[in-house]
There are 2 protein chains.
Amino acid sequence: MSSRSPRQRRHEKTKQEILQTALGLIKEVGFENLSLREIARRVDYSPAGLYEYFDSKEGIIQALSNEGNRQLLEALSSIQKNQSRSVTCYLVEMCLAYIDFALHKREYFTLMSNLPSERTTIDEPVRADSPYAVYLETVQAAIAGGEIQIRENFGPEEITYSLWAFVHGMATLRLTHLMHFQANFEPVNRLSLELYLASLA
Amino acid sequence: MSSRSPRQRRHEKTKQEILQTALGLIKEVGFENLSLREIARRVDYSPAGLYEYFDSKEGIIQALSNEGNRQLLEALSSIQKNQSRSVTCYLVEMCLAYIDFALHKREYFTLMSNLPSERTTIDEPVRADSPYAVYLETVQAAIAGGEIQIRENFGPEEITYSLWAFVHGMATLRLTHLMHFQANFEPVNRLSLELYLASLA
DNA sequence: CAAATAACCTAACGTTGTTCGGTATTATAA
DNA sequence: TTATAATACCGAACAACGTTAGGTTATTTG
């Protein structure tokens, strides 16, 4: 698992320390105020020293985005396993889990929102380790089980996209326009999603 | 309409020139790379000179956001007048207009996405000149016409919110994650929205 | 033990947003 | 019309930023 040489181990360790510090800093001051120099101060390095571990500030952000993607993937996958009802029910829970992740790990979410997918065409394969893939898989299971019907120009990918857009909208709205709105959106979100999924049957 | 004194007129004019220059700059280099000094270079002012017209860089962004809000409002309102079918049909077109605005005037849209609403509670009144108000009005018309049914914990505001989240998700996804995806999303968006609205009947 | 590599720092460069002090220019009031 | 006040504008500076170059020390490898 960990690299053999002590040096490589130390390297990996401080790399993680830098990342965790950066994450905490984002939590404190927000993504747009993330400062490489402040990270350096907190890990007790000179600004230049960090460049031994990351190519640039953007590199740190990239690494954190990947980690966030991994965590979101994990959050979504754990839903699929822990329940045992209809597939559509899974779907709703997964959708709500997406929103939950956005709200409670917003340090990660705001990072990830700015990164484009490398898939440029419907013909290209879906990245297996993407949240989208998890949704797609579940939608396909729902179709196979007859819980969701496909239509003209509205196959599994289109359905998955629309669900993703729905929850992504709920999440981003909550974090931006509605950031100061005092209310629990979970019931409304759940109901909306259930209604939409019902219309796909 | 315009202020009486020549000085005030000139002031307003260069203010607009600054805003337009800033807008063009955002179009060129993106919001995150907007530079006050570069704006100053292009309008042939010293950086300090701009502070006679705006309190800060943020002030310029604020002004542009307001203008964007005005334009979005106009785009949405024009839908309502030019058509003459069912209210639900209006709604779909208005939703698609939101996405259209986001894609074709993304300089404005990206600005606006970062600004929080001042409404903090469901009890506070809705700002009349907000896109949300336009949607809400139309949803209420649809309810009054019997095209949409309200439910427990799912009144006009909740329905409007869910629609807004839906289209906002479609718009932001298209501009971030799916920015390089080569496809026309309009048919899928339309179909999704029609299905969702049908489930509200 | 020598050579090579990795780790780290100081100093600097070119940016950025913003403020201060001063100088013109224009409008207002006597 | 002239004195006073307000506006418009700029040069210079400040503090902060991301990044790079060059150099020094520590560690690993041959």
Side-chain angles (χ1 to χ4, degrees), chain A residues 2-66 107 110-111 114-115, chain B residues 2-66 107 110-111 114-115:
Chain A
S2 62
S3 349
R4 42 183 161 289
S5 110
R7 200 178 233 179
Q8 285 175 317
R9 265 195 305 267
R10 269 191 294 254
H11 188 90
E12 187 57 31
K13 194 173 178 180
T14 67
K15 207 168 173 178
Q16 290 304 321
E17 193 193 345
I18 293 170
L19 288 179
Q20 285 310 305
T21 307
L23 194 65
L25 195 52
I26 293 177
K27 219 169 185 167
E28 272 186 46
V29 302
F31 170 54
E32 58 281 353
N33 295 111
L34 177 63
S35 152
L36 190 134
R37 289 181 112 103
E38 181 61 25
I39 299 173
R41 261 171 240 130
R42 299 199 178 192
V43 293
D44 214 34
Y45 272 55
S46 79
L50 298 192
Y51 283 80
E52 204 67 40
Y53 299 91
F54 295 96
D55 285 346
S56 64
K57 181 186 176 184
E58 188 60 30
I60 297 180
I61 294 169
Q62 276 285 346
L64 282 177
S65 292
N66 292 341
E107 326 76 84
T110 47
L111 285 187
N114 295 330
L115 287 190
Chain B
S2 60
S3 347
R4 44 183 161 291
S5 110
R7 200 179 230 179
Q8 285 174 316
R9 264 196 304 268
R10 269 191 295 253
H11 189 89
E12 187 57 33
K13 194 171 177 181
T14 67
K15 208 169 173 177
Q16 290 305 320
E17 192 193 345
I18 292 169
L19 288 179
Q20 285 311 305
T21 306
L23 194 65
L25 196 50
I26 294 177
K27 220 170 185 168
E28 272 186 45
V29 302
F31 170 53
E32 58 280 351
N33 294 112
L34 177 64
S35 153
L36 189 135
R37 290 181 112 101
E38 180 61 25
I39 298 173
R41 265 171 235 130
R42 299 199 179 192
V43 293
D44 213 34
Y45 273 54
S46 80
L50 298 193
Y51 284 79
E52 205 65 41
Y53 299 92
F54 294 96
D55 287 345
S56 62
K57 181 187 175 182
E58 188 60 31
I60 297 180
I61 294 170
Q62 277 283 349
L64 281 178
S65 292
N66 293 341
E107 325 77 83
T110 48
L111 286 186
N114 295 330
L115 288 190

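Chain letters run A, B, ... following the sequence lines, proteins first, then strands; residues in each count from 1. These figures come from a predicted structure and were not determined experimentally.
Between A:Leu34 atom CG and C:dT16 atom P the separation is 20 Å, expressed in whole Å. For the pair A:Arg37 CZ and D:dA15 P, the interatomic distance rounds to 14 Å; values are reported in whole Å. For the pair A:Tyr45 OH and D:dT19 P, the computed distance is 18 Å after rounding to whole Å. Straight-line distance from the CG atom of A:Asn33 to the C1' atom of D:dA16: 12 Å, rounded to whole Å. Taking atom NZ on B:Lys13 and atom C1' on D:dA8, their separation rounds to 16 Å, with Å as the unit.
Of the candidates C:dC9, D:dG18, C:dA7, the closest approach to any side-chain atom of A:Leu36 belongs to D:dG18. Closest to the A:Pro47 side chain, of the nucleotides C:dG17, D:dC10, D:dT19, is D:dT19. Distance from the side chain of B:Lys57 is smallest to C:dG17 among C:dG17, C:dA12, C:dA6. Residue B:Ser46 places its side chain closer to D:dC10 than to any other of D:dC10, C:dA7, C:dT18. You'll find that the side chain of A:Arg10 is closest to D:dT27, out of C:dC8, C:dT18, D:dT27.
Note on A:Leu50: nothing from the nucleic acid sits closer than 4.0 angstrom, heavy atoms only. Among the atoms of the strands shown, base atoms are found under 4.0 Å from some heavy atom of B:Tyr51. B:Ile39 comes within 4.0 angstrom of nothing in the nucleic acid, heavy atoms only. Among the heavy atoms of the strands lying under 4.0 Å from B:Ser35 are primed sugar atoms or P, OP1, OP2 only; no base atom is included.
The 5' end of DNA chain C is approached more closely, in terms of each residue's nearest nucleotide, by A:Arg7 than by the other of B:Arg7 and A:Arg7. Toward the 5′ end of DNA chain D lies the nearest nucleotide of B:Ala48, the other residue of the pair B:Ala48 and A:Glu58 mapping further downstream.
Using a cutoff of 4.0 Å between basic side-chain nitrogens and carboxylate oxygens, B:Arg42 and B:Glu38 are scored as salt-bridged.
No donor-acceptor pair closer than 3.5 Å links the side chain of B:Lys27 to the backbone N or O of B:Ala22. A donor-acceptor distance shorter than 3.5 angstrom exists from the side chain of B:Ser5 to the backbone of B:Gln8, with no hydrogens or angles considered. Counting only distance, with no hydrogens or angles, the side chain of B:Lys15 and the backbone of B:Phe54 share no donor-acceptor pair below 3.5 Å.
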* I would like to know whether B:Arg9 and B:Glu12 meet salt bridge (charged side-chain N to carboxylate O under 4.0 Å, His left out); could you show each step before the answer? => CA-CA 5 Å; B:Arg9 264 196 304 268; B:Glu12 187 57 33; over 6 Å; no
